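Since the structure comes first, as structure tokens, the remarks are kept for the end.
Owing to the predicted nature of the structure, the values given are computational and were not obtained by experimental measurement.
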Number of protein chains: 2
Amino acid sequence: MTERSNQSVRRAFKLVDELAENGPRGVSELADQLDMPVSTVHDYLQALIATGYVTKDESAYKTTTRFLEVGHRQCHRLEVFKAVRDELETVAEETGEHATLLIEEDDQAVIVAVQEGPDAINLFAYPGARMPLHATAPGKAMLAHMPTERVTDIIDRHGLVEVTPQTVTDPDVLFDQLEDVRSQGYAIDVGERIAGMVCIAAPILDKNDRIRGAICVCGPRSRLDEDRRSEIADVAQRAANVTQVNLDYV
Amino acid sequence: MTERSNQSVRRAFKLVDELAENGPRGVSELADQLDMPVSTVHDYLQALIATGYVTKDESAYKTTTRFLEVGHRQCHRLEVFKAVRDELETVAEETGEHATLLIEEDDQAVIVAVQEGPDAINLFAYPGARMPLHATAPGKAMLAHMPTERVTDIIDRHGLVEVTPQTVTDPDVLFDQLEDVRSQGYAIDVGERIAGMVCIAAPILDKNDRIRGAICVCGPRSRLDEDRRSEIADVAQRAANVTQVNLDYV
DNA sequence: AACCCTTTCCGAGATAACCGAAAACTTTCT
DNA sequence: AGAAAGTTTTCGGTTATCTCGGAAAGGGTT
């Protein structure tokens, strides 16, 4: 690495990633996985325990609830998060589908709140789930309200990765769609991130017209025909507007 | 340092703690707060950014949603968490108070799920909130089902810290109470952690009688008279039993 | 434009991180 | 039970790498 960045920190978090990803494990298994000497892994785990972010449960090391706490703290500092609170529930009830709140972070769309409709949990929609901006309705809702320069920057840096065969990969098509989003007030994606899944999202702007997040409703294509879609779009937009108003009070 | 643990790791997480605690900040402010050279703090922040757990928002560094993700992942690996899912909501509805799920971690009680009753959010009950075992109903519910040796160990290590004037600080009294918990099936605390707050908690055991967590209901003392308390205890115990059954299926 | 403040870059020197090797524990098998 | 295989933990020397002063670059204000 030509980068000038603390190796210990990178390694420590690689360990955390591994623990978070594949669950609690022992020293030697971790060492195998990460291709590091056992003793070194052990040293790191001790250090991590000292921080309180990792603990040792009888026979395996695992992450602690501190991550939950930090994540939660961060959410509650997010103004949109507080502003959207009740609305998300309303949206889920009115539409009967999953309703989520997303924000942009490091050029990606991230789910920060999930409200489930009456149906089962969606494996793809959990707090912290990250996705490319161009491949989802909420992402496009947010892109549509960023300065064009910012959008081209993002495309330059990450490209328009094809997540499913439906993903928009042509910049021109994307820019057209963003124009549509601005005129009709909401974004839609049909299986562009997850095959068979339709998402409809409304942008949340603050009083300076800066994009702050998006409210997203998604469900299986089979259940969302044309009529339903525009109905859902209305609900989402209304919720976004209310949130917008709340934002100014917070 | 007599401790044999990676300094970089400790410092990195101290930075994270600071960011989580006091919100986004700039390099020099962080350096002040933690009494470290600016350049060093800068180095760490760069390293943290490389890991994806910290990001830089125009003028300040802040934690990312990765913490949320890791925390969430961990919860979903917890069997109790999955087993309690719907029950918590039922409890909150039936009692009209806050219902929470707690587990034991590193000799403390930690909230991992919160279901709010119709009333406002409780500042003390958020996911990740930690508290001493002896000073809360859920803590006592869990202590009551640990081996006595374990309990004395915990007392030795941490003592019976007085959180409020009501907190039990005498080991004998505590052991008596734990006996009560075992015989009546639920634990109660009256302002022992937060003045004016009453908590009622039922333990969740698995088929091997190992303690896995506790369901807790709490509300202001004024609202919870004797009758309500035993009523709530029933609801909590029933939910704990259902959870227990679910546990065996998961 | 000059000032101050904050952030970023850089390099040399000292520290503390890294890993091999062996000891202490566990678990499994005969 | 006793041995064997596996896993975790301890320890110390070396040397890679982290640390931090100082300088440069950026940003905002008077």
Side-chain angles (χ1 to χ4, degrees), chain A residues 1-19 22-64 106 147 149-150 153 157 208 210, chain B residues 1-19 22-64 106 147 149-150 153 157 208 210:
Chain A
M1 274 266 150
T2 64
E3 304 189 19
R4 182 192 179 67
S5 71
N6 195 314
Q7 172 184 202
S8 301
V9 177
R10 277 206 314 277
R11 285 177 143 189
F13 277 95
K14 234 166 88 184
L15 261 169
V16 168
D17 281 341
E18 181 61 31
L19 286 175
N22 300 326
R25 343 206 63 149
V27 179
S28 46
E29 200 173 349
L30 280 167
D32 259 14
Q33 221 96 37
L34 299 176
D35 202 31
M36 284 166 72
V38 230
S39 52
T40 305
V41 171
H42 182 261
D43 284 350
Y44 274 100
L45 288 171
Q46 293 312 315
L48 284 167
I49 287 177
T51 66
Y53 282 83
V54 164
T55 189
K56 192 180 147 183
D57 165 25
E58 39 211 42
S59 66
Y61 292 89
K62 59 181 180 181
T63 56
T64 70
D106 290 335
E149 198 198 354
R150 175 88 209 278
D153 268 8
R157 268 200 294 273
N208 304 319
R210 264 178 53 92
Chain B
M1 275 285 137
T2 62
E3 305 190 18
R4 181 189 182 68
S5 71
N6 195 315
Q7 172 183 205
S8 301
V9 177
R10 277 206 314 277
R11 284 176 144 190
F13 278 94
K14 231 164 94 183
L15 261 170
V16 169
D17 281 341
E18 181 62 31
L19 286 175
N22 300 326
R25 345 204 62 147
V27 178
S28 44
E29 200 173 348
L30 280 167
D32 260 15
Q33 221 96 38
L34 299 176
D35 200 33
M36 285 165 73
V38 225
S39 51
T40 305
V41 171
H42 182 260
D43 284 349
Y44 273 99
L45 288 170
Q46 293 312 315
L48 283 167
I49 286 177
T51 66
Y53 282 84
V54 164
T55 189
K56 192 180 147 185
D57 166 23
E58 38 213 41
S59 66
Y61 292 88
K62 59 181 180 181
T63 56
T64 70
D106 291 334
E149 197 197 356
R150 175 89 210 277
D153 268 8
R157 267 200 294 272
N208 304 319
R210 264 177 55 91

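For the pair B/N6 and A/D43, the minimum side-chain heavy-atom distance is 4.5 Å or more. With contacts defined as side-chain heavy-atom distances shorter than 4.5 Å, the pair B/Y61/B/E29 does not qualify. The closest side-chain heavy-atom distance from B/T51 to A/V16 is not below 4.5 Å. Counting heavy atoms from C-beta outward, B/M36 and B/K14 have side chains that stay 4.5 Å or more apart.
Protein atom CG of B/L45 is 15 Å distant from nucleotide atom C1' of D/dT19, rounded to whole Å. One atom, CZ of B/R10, and another, P of D/dT19, lie 11 Å apart when rounded to the nearest Å. Taking atom CD of residue A/Q46 and atom P of nucleotide C/dA16, one finds them 19 Å apart after rounding to whole Å. The nearest whole Å value for the distance from the NZ atom in B/K56 to the P atom in C/dT6 is 14 Å. The CD atom of B/E58 sits 14 Å away from the C1' atom of D/dG27 (whole-angstrom rounding). Residue A/I49 contributes atom CD1, which lies 12 Å from atom C1' of D/dT8 at whole-angstrom precision. B/E29 has its CD atom 13 Å from the C1' atom of C/dC5, to the nearest Å. Between the CE atom of A/M36 and the P atom of D/dA16 there is a distance of 17 Å, given to the nearest Å.
Contact annotation: A/Q7 reaches the phosphate of D/dC18 (side-chain N/O to OP1 or OP2, under 4.0 Å). Regarding contacts with the backbone of C/dA16, every side-chain N or O of B/R11 stays at 4.0 angstrom or more from both OP1 and OP2. Proximity of B/S28 to the phosphate of C/dT7: a side-chain N or O atom is located under 4.0 Å from OP1 or OP2. Applying the 4.0 Å criterion to OP1 and OP2 of D/dT9, one finds that A/Y61 has a side-chain N or O inside that range. Between C/dA17 and A/Y44, no contact under 4.0 Å exists linking OP1 or OP2 to a side-chain N or O. Between A/H42 and the phosphate of D/dT8, there is no side-chain N or O to OP1/OP2 separation shorter than 4.0 Å.
Set against D/dG21, D/dC18, C/dT7, the side chain of A/N6 has D/dC18 as its closest nucleotide.
In this structure, the side chain of A/T64 engages the main chain of A/G52 through a donor-acceptor pair within 3.5 Å.
The residue among B/P37 and A/R25 whose nearest nucleotide of DNA chain D is located toward the 5' end is A/R25. Residues A/V27 and B/V38 each lie close to DNA chain D; by heavy-atom proximity, the contact nearer the 5' end of the strand is made by A/V27.
Residue-level contact check: A/T40 touches the bases, meaning some heavy atom is under 4.0 Å from a base atom. Contacts of B/S39 with the nucleic acid, taken as non-hydrogen atoms under 4.0 Å apart, include base atoms.
Judged by atom type and distance alone, B/D43 does not reach the base of D/dC18 through any side-chain donor-acceptor pair under 3.5 Å.
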